[in-house]
Amino acid sequence: VLTNKTLRDTVYSLTGTEFDAINGQMQTKVLSAPVTFTDALTSGDAIVLQLEGGATHAVTWPTITWVSGTGDVEPILTAKDALVLWKVSSTLYGSWVGSYA
């Protein structure tokens, strides 16, 4: 039982291309060139990804089942995007949260 405790995760600056929850649940990536991401999440893992430069540089995702209110399609990225990625069993899911300033 936790009482009056705060759990705080670190914010990890993703220097490579692998999604891995071992680095923390809050991850950032600034693109300076096209990127191909890979998936190292295991069932039960989830990360929040703040991605900059997706409108300028091509992003290739691993196989993701996209979840959204407008259909299950890959998001069109903007200059600054927030995404949530999570894995259930062997399926990687992703959802575009929105743009940020």
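Throughout, residue positions are numbered sequentially from 1 according to the sequence presented.
Between His57 and Pro34, the shortest heavy-atom contact is CB-N, 4.0 Å. A pairwise comparison of heavy atoms in Ser89 and Ser43 identifies N-OG, 2.8 Å as the closest pair. Here the closest non-hydrogen pair linking Gln27 and Asp20 is NE2-O, 3.0 Å. Nearest heavy-atom pair across Pro62 and Thr38 is CG-C, 4.2 Å. What you find for Leu83 and Pro75 is that their closest heavy atoms are CD2-CG, 4.1 Å. Residues Ala79 and Ala55 share a closest heavy-atom pair of N-CB, 3.8 Å.
For Trp86, the ring pair (Phe, Tyr, Trp, His ring centres under 6.0 Å) criterion is met by Tyr93, not counting sequence neighbours. With sequence neighbours excluded, the residues that form a ring pair (Phe, Tyr, Trp, His ring centres under 6.0 Å) with Phe37 are Phe19, Trp61. Contacts of Asp39 classified as salt bridge (Lys or Arg N to Asp or Glu O under 4.0 Å), with partners at least two apart in sequence or in another chain: Lys87.
Sorted by first and then second residue, the salt bridge (Lys or Arg N to Asp or Glu O under 4.0 Å) pairs with a member in residues 49-63 form an empty list; sequence neighbours excluded. Sorted by first then second residue, the salt bridge (Lys or Arg N to Asp or Glu O under 4.0 Å) pairs that include residues 62-79, not counting sequence neighbours, number zero.
Residues Val59 and Ile47 fall within the same hydrophobic cluster, defined by Ile, Leu, Val, Met, Phe, Trp and Tyr side chains chained together at heavy-atom separations under 4.5 Å. No chain of hydrophobic side-chain contacts below 4.5 Å, direct or via other Ile, Leu, Val, Met, Phe, Trp or Tyr residues, connects Val67 to Leu77. Both Val88 and Val84 belong to a common hydrophobic cluster when Ile, Leu, Val, Met, Phe, Trp and Tyr are linked at side-chain heavy-atom distances under 4.5 angstrom.
In this structure a side-chain-to-backbone donor-acceptor pair under 3.5 Å is missing from Thr36 to Thr60. Judged purely by atom type and a 3.5 angstrom limit, Asn23 has no side-chain atom pairing as donor or acceptor with the backbone of Tyr12.
Listed by chain and number, the hydrophobic cluster partners of Tyr100 come to none, as no ILVMFWY side chain reaches under 4.5 Å of it.
Contact check for Leu49 versus Lys29: side-chain heavy atoms found under the 4.5 Å cut-off. Within the 4.5 Å cutoff, no side-chain heavy atoms of Leu31 are placed close to those of Thr56.
The CG atom of Asp81 lies 6.0 Å from the CG atom of Leu51; values are rounded to the nearest 0.5 Å. Summarising the geometry, atom CG belonging to Asp45 is positioned 3.5 Å from atom OG1 belonging to Thr42; distances are rounded to the nearest 0.5 Å.
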